[in-house]
> 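Before I ask anything, let me first share the structure, which is written out below as structure tokens.
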There are 2 protein chains.
Amino acid sequence: MILDSETKAVELPDDHGTELRLWLRLLTCTTLIEGEVRGRLRERFGVTLPRFDLMAQLDKVSDGMTLSDLSKRMMVSNGNVTGLVERLVESGHLDRRTSETDRRVQFIRLTKLGRAEFRKMAAEHEKWIADIFGDLSPKDIRELMRLLAKAKGSAQRSAKARTG
Amino acid sequence: MILDSETKAVELPDDHGTELRLWLRLLTCTTLIEGEVRGRLRERFGVTLPRFDLMAQLDKVSDGMTLSDLSKRMMVSNGNVTGLVERLVESGHLDRRTSETDRRVQFIRLTKLGRAEFRKMAAEHEKWIADIFGDLSPKDIRELMRLLAKAKGSAQRSAKARTG
DNA sequence: GCCAATTGCTTGAGGGTTAAAGAAATTGTC
DNA sequence: GACAATTTCTTTAACCCTCAAGCAATTGGC
């Protein structure tokens, strides 16, 4: 550790240790919660997290979404969504309907069963999340929301600068 | 939206919407950054994120770690680590050595090649992270660290309450 | 010493995930 | 209308990941 004359830590010219520690903490935090949610979904409903997430996207709309929309919203690859939808159609939770005007496009919807099951899961899920964040005050939450929004913006700026 | 007589939003008795939104934002933020790092590691070094993470754990120690240690530190399953280590031994980055005193245990170390390659990657990685969080002030970072620590503690408390 | 419980690791089944390549349909331009 | 570029979706190979079951070695009582 480098200290100056007043015994205060001094930054090295290229020390990015604080950012790195922040990233590791963010990752740890998310992994921890994600694992907890995954376990509860599995244990309580026998459903996987990706399937739950996909159904959550579809629950927000009434008239269906395309596969491309889903992959953008979920931030996963196109091929990934193809497989997920396939399995959820198979199990009767989803419904696919080819567009009349563009035969490449498929509209994916929750079936009656799918929506009913999702709503049941979502209600519990929301309580789990509330409990998981239960030690945070409303002010903590607001502040975290604000800082994460800033971090997200920063990351998007950085990503855009890389790929052009 | 429910409004009271002074046109101010009123919480429903069981509304946990803010926590849910916080979780989604946390997840989005992490997924975004993780994807960015994954892409850069792949593009720049042809390495996957899990392999980089595993090597990062090993780089912190000089005398090796067991598979169990690795799986705890990385917060992934035991079987997962078995496969990852296998592939990294195969590629010459890792080295396994059975314990003298307990023949179930294997100490995993970075090879000379592994450590050299990791150090090179880590140096760039740190710069990427610094850039990704570049818009955050030192104060923002401190505050995020603090709030994420609190969130982590809360999540651990909740997880512990579930499994006992 | 014996044996049950525990610990460290591997295996196998079932999924999830990406990047890259490709098939099918549409659009824009001439 | 022709046809190149684009868009939507699927396929493939390789990998990542979990959970549960199982094997091998060790430990702790007795």
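Note on naming: letters A, B, ... go to the chains in the order of the sequence lines (proteins, then strands), and numbering restarts at 1 for each one. Remember, predicted model here, so these are calculated numbers, not experimental data.
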> Nearest 0.5 Å, please: how far is CZ in B/R142 from CG in B/L136?
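The CG atom of B/L136 sits 12.0 Å away from the CZ atom of B/R142.
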> Which parts of residues 48-67 of chain A get close to DNA chain D, meaning a heavy atom less than 4.0 angstrom away?
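Listed by number, they are A/T66, A/L67.
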> Who pairs with A/E19 by side-chain contact (heavy atoms from CB on, under 4.5 Å), at least two apart in sequence or on another chain?
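With neighbours one apart ignored, the set is A/H16, B/I129, B/A130, B/F133, B/I141.
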> For B/L84 and C/dT17, what is the distance between atoms CG and C1' respectively, to the nearest whole Å?
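Between C1' of C/dT17 and CG of B/L84: 14 Å.
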> Between the protein and nucleotides 1-7 of chain C, which nitrogen or oxygen pairs come in under 3.5 angstrom?
| from | atom 1 | to | atom 2 | distance (Å) |
| --- | --- | --- | --- | --- |
| C/dT7 | O2 | B/R104 | NH1 | 2.1 |

> To the nearest Å, how far apart are A/E86 CD and C/dG16 P?
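Rounding to the nearest Å, CD of A/E86 and P of C/dG16 are 11 Å apart.
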> For A/G83 and for B/R103, locate the closest nucleotide of DNA chain D by heavy-atom distance; then report the residue assigned to the nucleotide nearer the 5' terminus.
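That would be A/G83.
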> Whole-Å distance between C/dG15 C1' and A/E90 CD?
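Rounding to the nearest Å, CD of A/E90 and C1' of C/dG15 are 14 Å apart.
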> Kindly indicate whether the side chain of A/K152, heavy atoms from C-beta on, has any atom under 4.5 Å from the side chain of B/R25.
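No, their side chains stay 4.5 Å or more apart.
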> Verify the contact: side-chain N or O of A/S68 to OP1 or OP2 of D/dC9, cut-off strictly under 4.0 Å; return yes or no.
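Yes, within the criterion.
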> Output all residues satisfying side-chain contact (heavy atoms from CB on, under 4.5 Å) with B/D131, sequence neighbours left out; order by chain, then residue number.
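In terms of side-chain contact (heavy atoms from CB on, under 4.5 Å), with neighbours along the sequence ignored, B/D131 is linked to A/R157, A/S158, B/R40.
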> With the side chain counted from C-beta on, respond yes when A/D59 and A/R115 share a heavy-atom pair under 4.5 Å apart, and no when they do not.
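A side-chain contact exists here, since the closest heavy-atom pair is under 4.5 Å.
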> Could you identify which residues cluster with B/V105, counting Ile, Leu, Val, Met, Phe, Trp and Tyr as linked when any side-chain heavy atoms lie under 4.5 Å apart, either directly or through a chain of such contacts?
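Result for B/V105 is B/F107.
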> Considering the terminal five base pairs at each end of the helix from C/dG1-D/dC30 to C/dC30-D/dG1, what angle separates the two local helix axes, rounded to 10°?
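Angle reported: 20°, given to the nearest ten degrees.
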> With sequence neighbours excluded, tell me which residues meet side-chain contact (heavy atoms from CB on, under 4.5 Å) with A/R109.
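Once residues adjacent in sequence are excluded, the partners of A/R109 under the side-chain contact (heavy atoms from CB on, under 4.5 Å) criterion are A/D95, A/R97.
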> Taking the side chain from A/S154 and the backbone from A/K150, do they hold a donor-acceptor pair closer than 3.5 Å?
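A pair under 3.5 Å: no.
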> Might you list the N or O atoms of the protein lying below 3.5 Å from N or O atoms in nucleotides 18-21 of chain C, with each pair's distance?
| from | atom 1 | to | atom 2 | distance (Å) |
| --- | --- | --- | --- | --- |
| C/dT18 | OP2 | A/S77 | N | 2.7 |
| C/dT18 | OP2 | A/S77 | OG | 3.1 |
| C/dT18 | OP2 | A/N80 | ND2 | 3.3 |
| C/dA19 | O3' | B/R42 | NH2 | 3.2 |

> Evaluate the side-chain proximity of A/L26 to A/L148: yes if any heavy-atom separation is below 4.5 Å, no if none is.
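Yes, their side chains come closer than 4.5 Å.
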> Is B/T30 reaching over with its side chain to a backbone N or O of B/L27, donor-acceptor style, under 3.5 angstrom?
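Side chain of B/T30 to backbone of B/L27: no pair is present.
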> So which of residues 25-33 of chain B are in contact with DNA chain D, with a heavy-atom cut-off of under 4.0 Å?
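Within this stretch, nothing sits under 4.0 Å of the strand.
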> Please find the pair of heavy atoms, one from B/S91 and one from B/H93, that lie closest to each other, and give the distance.
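Distance-wise, the nearest heavy atoms are OG-ND1, 2.6 Å.
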> B/D69 CG to C/dC9 C1': how many Å, rounded?
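Taking atom C1' of C/dC9 as the reference, CG of B/D69 is at 13 Å.
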> Starting from P on C/dA25, measure out to CG on A/D102 and report it in whole angstrom.
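In whole Å, C/dA25 P and A/D102 CG are 10 Å from each other.
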> Give one of base, sugar-phosphate or nothing for B/T101, where a contact means two heavy atoms less than 4.0 Å apart.
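It contacts sugar-phosphate atoms only.
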> So, A/E124 and A/K120, do they make that salt bridge, N to O below 4.0 Å?
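No, A/E124 and A/K120 are not salt-bridged.
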> Which pairs pass ring-ring contact (aromatic ring centres under 6.0 Å, His included) with one or both residues in residues 34-82 of chain A, sequence neighbours excluded?
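Sorted result for residues 34-82 of chain A: A/F52-A/F118, A/F52-A/H125.
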> Roughly, in whole Å, what's the span from CE in B/M74 to C1' in C/dC9?
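These atoms are roughly 16 Å apart.
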> Give me each pair satisfying side-chain hydrogen bond (donor to acceptor under 3.5 Å, both in side chains) with a member in residues 73-85 of chain B, each pair once, sequence neighbours excluded.
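Sorted pair list: B/Q57-B/R73.
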> Check the distance between C/dA25's P and A/E100's CD and give it to me in whole angstrom.
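To the nearest whole Å, that distance equals 15 Å.
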> Do A/K72 and A/S68 have side chains that get closer than 4.5 Å, going by heavy atoms?
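A side-chain contact under 4.5 Å exists here.
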> Specify the separation, in whole Å, of atom CD of B/Q106 and atom P of D/dT26.
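About 13 Å, once rounded to whole Å.
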> With sequence neighbours left out, write down each residue that passes side-chain contact (heavy atoms from CB on, under 4.5 Å) with A/S62, or none if nothing qualifies.
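Partners of A/S62 under the side-chain contact (heavy atoms from CB on, under 4.5 Å) test: none.
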